[in-house]
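What follows is a single structure, written as structure tokens, with notes after it.
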2 protein chains.
Amino acid sequence: MLSEEYKRFIERWGSLGVLWGINRSMARVHALLILSEEPVGLDTVTEELEISRGNASMSLKELRNWGVIKRVSISGDRRDFYVAEPDTWNMIFSIAAERKKREFDPALEALDNLLENAEIEEGTGVHERLTELSDTMKTFDHILKRFLGNEKVSRGLLEMLSGGKSI
Amino acid sequence: MLSEEYKRFIERWGSLGVLWGINRSMARVHALLILSEEPVGLDTVTEELEISRGNASMSLKELRNWGVIKRVSISGDRRDFYVAEPDTWNMIFSIAAERKKREFDPALEALDNLLENAEIEEGTGVHERLTELSDTMKTFDHILKRFLGNEKVSRGLLEMLSGGKSI
DNA sequence: ACAAACTTTCAATCCTTTCTGAATATACTG
DNA sequence: CAGTATATTCAGAAAGGATTGAAAGTTTGT
């Protein structure tokens, strides 16, 4: 049984989930796992959050796809249990990587597609703007890839940067 | 009158908009401005995109809030016209800053709120995880602030990083 | 092989968000 | 200042997504 404060947090996290492109249920389930001392099973999720089994099951699956929770087994129990990803950097990187894949990559692709297929006259403002946008996004992409691709390196960089050294 | 290829792009950008937390109409309007050689007025938007005036007006307003389009005036014409932000780095930074504000900041706030109000016993796994998550997010926040706060510095860094130097 | 647990699917329903269009406000012109 | 062009707002309609619950399917452990 959850305290009022915990419940409030779960609801708040859930509302935020909508802004994040994951849905309310998923975010609530995630919050529940973050707040749970013990691994959590499907039944607990449905009971505490008052959502259907189907919804709970799907949400857990999606959260696993995002890499922010993990399945664990408890010996002597046949059921599946879940815990939030314990490494918070991992969690943040997983989210960032997943969102890049879903939101950024397709946009860049759409743009390059357009540049290839629509025969936009060179020298026009539109052509110039689109190529510039594509270039800028590619640079961004490049940086994100490096950043998210090599965890250890990134952490080092992050810690260094956050440590007060001027960029 | 837009070519088929342009129309396809606009629709594609619109679908992506949904993933981005801005809605389809806003994203379509944005795409239209990106593709337009000339400044675009409200009427053009409603006609090309076949949306209501109200929707077009709201979308333009929101896009201005995001800082990805600008209002311009054409002498001799009383109406308002709009163009896409011409500086693509600016555009990307605006989007990043806006999204941080909407998605990241409230999450961090919710977390710190919880830590303050719910008296979670120190030494428990939950307490440890929550403080660690908060710390990690604060580091992230710090970096993002620096990065987005000083445009010139960031650009320099970006260009340097993308220029092949190993991190 | 059986049973317990979990997953998937899907139509019906509920809830949210988006869009419309008329009403309202604002700005410009002569 | 009256009249007209333009822009914005907002209540209600429409569309779109999420959730449920039940049924069918799958996996796992004994």
Side-chain angles (χ1 to χ4, degrees), chain A residues 10-33 38-66 69-83 102-103, chain B residues 10-33 38-66 69-83 102-103:
Chain A
I10 289 174
E11 295 317 316
R12 184 91 191 280
W13 208 252
S15 315
L16 289 170
V18 178
L19 296 176
W20 298 30
I22 71 175
N23 67 34
R24 171 175 262 87
S25 294
M26 255 179 85
R28 295 207 313 149
V29 173
H30 187 212
L32 177 64
L33 295 210
E38 310 287 325
V40 168
L42 193 63
D43 287 331
T44 310
V45 173
T46 59
E47 281 157 27
E48 292 291 356
L49 265 36
E50 302 184 77
I51 61 178
S52 69
R53 285 180 84 67
N55 190 359
S57 176
M58 285 304 209
S59 296
L60 287 166
K61 185 188 169 188
E62 264 300 275
L63 287 167
R64 242 178 312 141
N65 288 344
W66 278 70
I69 71 173
K70 281 185 161 38
R71 182 150 51 179
V72 297
S73 54
I74 290 182
S75 66
D77 199 322
R78 173 193 299 191
R79 289 169 296 173
D80 291 340
F81 291 89
Y82 303 87
V83 295
R102 293 179 186 222
E103 302 171 16
Chain B
I10 288 174
E11 295 317 317
R12 184 88 191 281
W13 207 251
S15 314
L16 289 170
V18 178
L19 296 177
W20 298 30
I22 69 175
N23 67 36
R24 171 176 260 89
S25 293
M26 256 179 84
R28 295 208 311 150
V29 173
H30 187 212
L32 177 64
L33 295 210
E38 309 289 325
V40 168
L42 193 64
D43 287 332
T44 310
V45 173
T46 59
E47 282 157 25
E48 292 291 357
L49 264 35
E50 302 183 78
I51 61 179
S52 70
R53 287 179 82 69
N55 190 0
S57 176
M58 285 302 215
S59 297
L60 288 166
K61 186 187 169 188
E62 264 300 275
L63 287 167
R64 243 177 312 140
N65 287 344
W66 278 70
I69 71 173
K70 280 184 160 40
R71 182 148 53 179
V72 297
S73 55
I74 291 181
S75 66
D77 199 320
R78 172 195 300 191
R79 289 169 297 173
D80 292 340
F81 291 88
Y82 302 86
V83 295
R102 294 179 184 220
E103 300 171 17

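A, B, ... follow the sequence lines: proteins, then strands. Residue 1 opens every chain.
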- prompt: Any idea which heavy atoms bring A:Leu63 and A:Met26 closest together, and the distance?
  reply: CD1-O, 3.6 Å

task: For a side chain to side chain contact (heavy atoms under 4.5 Å, CB included) with A:Ile69, tell me which candidate from A:Leu60, A:Val29, A:Val40 qualifies.
output: A:Leu60

message: Taking the side chain as everything from C-beta on, heavy atoms only, tell me whether B:Lys70 gets closer than 4.5 Å to B:Tyr82.
response: no

- prompt: So what does B:Arg79 touch, heavy atoms closer than 4.0 Å: a base, only the sugar-phosphate, or nothing?
  reply: sugar-phosphate

query: Donor-acceptor pair under 3.5 Å: do we get one between A:Arg78's side chain and the base of C:dA5?
result: no

Nearest-Å distance for atom pair CD1/P, residues A:Ile22 and D:dA18: 11 Å

query: Over how many whole Å does the gap from A:Leu19 atom CG to C:dT17 atom C1' extend?
result: 13 Å

- request: Choose from C:dT7, D:dT8, D:dT19 the nucleotide whose nearest atom is closest to any side-chain atom of A:Asn23.
  value: D:dT19

message: What residues from residues 49-65 of chain A pass a heavy-atom cutoff of under 4.0 Å to DNA chain D?
response: A:Glu50, A:Ile51, A:Ser52, A:Asn55

query: Rounded to whole angstroms, how far apart are CZ on A:Phe81 and C1' on C:dA5?
result: 11 Å

query: Taking CG from B:Asp77 and C1' from C:dA27, how many angstroms apart are they, rounded to a whole number?
result: 13 Å

query: Does some side-chain heavy atom of A:Asp43 sit less than 4.5 Å from a side-chain heavy atom of A:Arg53?
result: yes

message: According to side chain to side chain contact (heavy atoms under 4.5 Å, CB included), who are the partners of B:Lys61, at least two apart in sequence or on a separate chain?
response: B:Arg64

- line: Residue pair B:Gly21/B:Gly76 against DNA chain C: nearer the 5' end by closest nucleotide is B:Gly21

message: If we count only N and O atoms by modelled type, under 3.5 Å, do the side chains of B:Asn55 and B:Ser59 hold a donor and an acceptor together?
response: yes

task: May I have the distance from A:Met26 (atom CE) to D:dT19 (atom P), rounded to whole angstrom?
output: 11 Å

